[in-house]
Amino acid sequence: MICFEDELNPQQLKVVTDGDGACLVLAGAGSGKTRTITYRVAYLLQNGTPQENLLLLTFTNRASKEMMERIKELMGMPLDGLTGGTFHSVAVRQLRRYASLIGYGNDFTILDADDSEGMMSLAMRDEGIDLKSKQYPKPKQMLFLISFMRNAQMTVDDVIEYKYPGYERIRDIIERCFVAYTQKKKEANVMDFDDLLEQFLLLLSTNEQVRDELSDRFKYILVDEYQDTNKIQSQIVNQLSHIHGNVLVVGDDAQSIYSFRAADINNILDFEKNYKKAKVFRLELNYRSVPEILSLANDVIRHNKKQYKKELKPTNDAFQKPQLVTLSNQFEEADYIGASVAHLIRTGVKPEEIAVLFRATFHSQPIEVELMKRGIPYDYRGGLRFFDRSHVKDMLCFMRIALNIHDIIAWQRVLKLQAGIGDKTSGKIIMALKELNTLGEVVTFDLAEHLSVRAKAGWERLTEMLTGMINSSGKVGDMIDAVVRFGYKDYLEEQYGNASDRLQDIEQLRAFGTKVNSLEKFLTDTSLSDEYSKGNKEQTDKVVLSTIHQSKGLEWDSVFVMRLVNGGLPNDRALTEKGGIEEERRLFYVAITRARKHLMLTYPIVGGFDGMTMYEPSMFLSDIDPELFESPGEFQSEEAIFVDADDGEVQYVTDGGGWSGTSFLSDVNDL
DNA sequence: CTGTCAGGTGTTTTT
DNA sequence: CACCTGACAG
Ligand SMILES: Nc1ncnc2c1ncn2[C@@H]1O[C@H](COP(=O)(O)OP(=O)(O)OP(=O)(O)O)[C@@H](O)[C@H]1O
């Protein structure tokens, strides 16, 4: 039996025991929103709600997994009936069941970002658009616009007016590309990420029976990180709660950092409008961070105009002020952080309780080198997923073809692996195979008349692999094995020096495949899972390197936030977006509030790919009361002494009001 | 039509 | 410094 009174404060407890109907929990970082939602689930289960009736929506699969673990621990029982995951993964499960109702086969395959771009290229080419012309958006850009539009449930005109006024003149072209792209996906029986949401919503809104069935099943819907949901997601929640209206969402407007994905803060602001009789709860105590860190966080976020005012009130005892360190360049910055991490570990902080956070994935490169040099293991989050590695993806494309023979993007990839087959020939072959419905027909199909000598040889090598795959047992592991044996291994060895590394990755993929009981599930999991790099390697004993975006909802004892320069955070490109400054500031706020005890902010004075670009300290730093940082004398490192005093005075005048004379930098000069 | 090589270009965030 | 693009030889 869980004693809820002991585990929660009165406000939290109220949400847990009184969370029926529509409820919005609006609260700052570290106030226990996730904890509250977790205990709410436990409370419902303890009071006899069957697991099947709960739906727990989270932002990432990782978050879902963590929450499930926690609930399992609390309840002391397996959670085999509880549905949890991202909107995308929940959607895809239902879409497999009901595919035929929306005109898809249930053997549809899923396009990732690259695949979608490939599909968009094909669509644009079909529309007669010259992909090289500077006059038109590149496929990537086009896709981005269209994706935003769909997630925000807008029309082409809406999105142009709201985000791309410059595209007014090519409005019709965008529309045409959108239609062509949609059509091509349908023909190929593939869905992109946005389709998973869109088609799910379509399913719910056009099939009352399905909607009622699912709404009746998911009697309690809980959503974490609601500030980062977009319009289509809120509509899905709305449909699913149609019968009962039991929707509990938690969020923090100050932590909304996914507007590029059309995250819409209006979901929170309009919650009371959308759900009559909605209850609003607030949590005001912060359990995570020491007061010094909270003061800093409050001081940062108060500069945002568009926000619900809320102060974070500490529950922890005073400890230590955050530190701000200036380094001469990006390598010194990495070196300094590396040394500090090593120091923390020596003094007994567990590696997994230390995180280095940054705005963009490439910021982490010098840190990686540094940690490697010092023999400190790290877990890198962000960047290339394991399943996106080119050789792993090659293999997945073979599997996709086995499931969905019309997946032309997968075909294009496996065809182009062969020497002698490029853009044109692969297109030709795909056209020729269009009408065929089984792989058996494909491998015996006579293509000779279409192909050059070289291409013909390539095609023969490919059919050998495909034949091997068909003749295997049909189990995922065996199919992968067959593709490797019947030619892919040779291809790798011919093409790459590190073929054996790559084969090891494929072996991991195969191992993963043998654990999954169907090809559909294998492909769905590999498309949507956020399982990074080395498969299931232990995550303990490792320092975490992560983008700030990926750090959302997590916490560590010690946190480093690096590259705090204009152009780093805030990011230059982000500043050109509407509301960009405030969003970047929220990003900074999220980063700061991940820390429990130690927080260190760093920035280099020069950097860039040429190592010659002069940086200004982040405009967000100049907003901060210098008193909130530990005074430099107490922590300044050897490295930091290299800071050139003159640079300090001349450089740090920014148009945003300038660097105040009493800032910490003057203190550096005093040293 | 494919594949390679030299020269120019320019770094966001994720399901 | 790495990645992409465009020019050209096979
Ligand atoms: N009532 C409580 N008693 C003890 N610890 C608590 C309490 N409430 C929350 N905590 C702890 O505070 C920390 C932050 O909680 P949690 O992650 O749930 O906050 P959050 O509001 O979801 O934060 P964020 O918005 O940053 O994701 C966790 O370690 C949690 O266990």
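Labels below follow one simple rule: chain letters A, B, ... track the order of the sequence lines, proteins then strands, and each chain is numbered from 1.
- One cannot find a donor-acceptor pair under 3.5 Å joining the base of B:dT13 and the side-chain atoms of A:Arg261.
- A straight line from CG of A:Leu201 to P of B:dT15 spans 21 Å, rounded to a whole angstrom.
- Taking only side-chain nitrogens and oxygens, A:Thr547 never comes nearer than 4.0 Å to OP1 or OP2 of B:dT12.
- Each of A:Ile421 and A:Phe362 was assigned the nucleotide of DNA chain B with the nearest heavy atom; the assignment lying further toward the 5' end belongs to A:Ile421.
- Residue-level contact check: A:Ser452 touches neither bases nor backbone, having no heavy atom under 4.0 Å from any strand.
- Taking atom NZ on A:Lys231 and atom C1' on B:dT15, their separation rounds to 20 Å, with Å as the unit.
- The ring of A:Tyr488 has its center closer than 6.0 angstrom to the ring center of A:Tyr491.
- In this structure, A:Gly420 reaches the sugar-phosphate backbone alone: every heavy-atom distance under 4.0 Å involves primed, P, OP1 or OP2 atoms, never a base.
- Residue contacts for A:Ser527: at a heavy-atom cut-off of 4.0 Å it reaches no nucleic acid atom on any strand shown.
- At the heavy-atom level, A:Ala455 lies nowhere under 4.0 Å from the strands shown.
- Here A:Asp572 lies out of heavy-atom contact (under 4.0 Å) with every strand.
- Centroid-to-centroid, the aromatic rings of A:Phe200 and A:Tyr98 stay 6.0 Å apart or farther.
- Nucleic acid contact class of A:Phe87 (heavy atoms, under 4.0 Å, all strands): none.
- Aromatic stacking of A:Phe260 on B:dT13: satisfied, with centres closer than 5.5 Å and planes within an angle under 30 degrees.
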